[in-house]
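Reviewing the structure listed below.
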Amino acid sequence: MKDLKHVSCFSRGLSGLLRLFFRLLYHEFAWTYDWVAAFVSVGNWERWVLAVLPFIEQGPILEIGHGPGHLQAALSERASEIYGLDASPQMGRLATRRLRNAGLTPRLLRARSQEIPFPNRTFSTIVSTFPSEYIFDSQTLQENWRVLVPGGRLVVLPFAWITGRRPAERAAAWLFQVTRQSIRFPAPQGDGGMGKFEIQDQAELEPWFQYFTQARQVGFQINAKILSLGNSAILILIADKPAVP
């Protein structure tokens, strides 16, 4: 029992340090973000982010928490009305530089997800990959609903699993688990590596139980899928706003 308490204290302490590290990484040390993300994900980070593309609807798109701009660049090559929102000025500068270097026009705003500076019914899709705590704020969901058109879609990529068995992959998977950047992996079921995510009664999923409940209360029809990607897998949440109220 004492050993379990030590492990629990270690996990909480390491998780706290990681939260501080991620805050610094997203602000003061944003210039290292791509390197660190590639390292801790064993080279999968950008592939995880871009894996949401098939779930994006046609029409105006808003990315919340655009980060260094990888998804912004990919979306801008496919559609004309792409906007990004982020509270970090450092990430805004990184994304702007990336888009301009690619010959694309940045449409980025520094703002909070709880106060989206767009009129009602503006976007066909809102997308957010690896969001921080703001995703659980009920006001964020209310704002998502407000700026989506009827029939619009909210796509969230909350976390990933590293499923490979090489030593580096196993170490990375352990780090994701002990720092609570992921949850225990439920093996996907279904064709083509796409499986329905069966929610289990686990304490680590409690924030997402609440998120699902809040999303349904707002009016979203929400589903969850696991997508297998070679040595990793990602969870994708799809929340559709009904076309008819």
Hydrophobic cluster identity match, Phe118 and Leu108, side-chain contacts under 4.5 Å: no
Apply side chain to side chain contact (heavy atoms under 4.5 Å, CB included) to Val127 and Ile56, showing your working. CA-CA 8 Å; Val127 59; Ile56 305 296; 3.9 Å; yes
Would you check if the side chain of Lys241 reaches a backbone N or O of Gly219 as a donor-acceptor pair within less than 3.5 Å? no
Student check: side-chain heavy atoms of Gln221 and Pro242 closer than 4.5 Å: yes
Counting only heavy atoms not in Arg146, do more than 12 fall under 6.0 Å of its CZ? yes
Show your working on side chain to side chain contact (heavy atoms under 4.5 Å, CB included) between Thr122 and Val149 and close with a plain yes or no. CA-CA 6 Å; Thr122 298; Val149 299; over 6 Å; no
Mind checking the CZ-CZ spacing from Arg93 to Arg110? Nearest 0.5 Å is all I need. 8.5 Å
By side-chain contact (heavy atoms from CB on, under 4.5 Å), which residues pair with Gln114, not counting sequence neighbours? Arg112, Tyr134, Asp137, Gln139, Thr140
Spacing of CD belonging to Gln217 relative to OG belonging to Ser138, to within rounding of 0.5 Å: 9.5 Å
Measure the CD1-CG distance between Ile126 and Asn144 for me, rounded to the nearest 0.5 Å. 4.5 Å
If you apply the rule side chain to side chain contact (heavy atoms under 4.5 Å, CB included), what do you find for Glu63 with Ile82, and how did you get there? CA-CA 8 Å; Glu63 182 185 8; Ile82 311 299; over 6 Å; no
Quick one: closest heavy-atom pair of Ser128 and Pro131, and the distance? OG-CB, 3.4 Å
Between Tyr211 and Leu141, is there a side-chain heavy-atom distance shorter than 4.5 Å? yes
State, yes or no, whether a side-chain contact exists between Leu109 and Pro117 at a heavy-atom distance under 4.5 Å. yes
With the side chain counted from C-beta on, respond yes when Arg216 and Phe220 share a heavy-atom pair under 4.5 Å apart, and no when they do not. no
What is the distance from atom OG of Ser88 to atom CG of Leu94, rounded to the nearest 0.5 Å? 8.0 Å
What's the shortest heavy-atom distance between Leu85 and Leu62, and which atoms? CB-CD1, 4.1 Å
Among Val156, Asp86, Ile116, find the one that has a side chain to side chain contact (heavy atoms under 4.5 Å, CB included) with Ile64. Ile116
How far apart are the closest heavy atoms of Leu157 and Leu235, and which atoms are they? CD1-O, 3.1 Å
Over all heavy atoms of both residues, which pair between Pro150 and Ala243 is shortest? Give the atoms and the distance, please. CB-O, 3.4 Å
Students often mix this up, so state it plainly: with edges at 30° and 60°, are the rings of Phe123 and Tyr83 parallel, tilted or perpendicular? perpendicular
Phe130 versus Trp48, closest heavy-atom pair with distance: CZ-CE3, 3.6 Å
Side chain proximity check, Ile135 to Pro158, heavy atoms < 4.5 angstrom: no
Shortest non-hydrogen contact from Leu99 to Gln72? CD2-C, 3.9 Å
Do Leu71 and His66 have side chains that approach each other closer than 4.5 Å (heavy atoms only, starting at C-beta)? no
Rounded at 0.5 Å granularity, tell me how far CZ in Arg98 sits from CG in Asn101. 8.5 Å
Side-chain heavy-atom pair Ile222, Ile238 within 4.5 angstrom cut-off: no
How about Phe55 and Thr125: do any of their side-chain heavy atoms sit closer than 4.5 Å? no
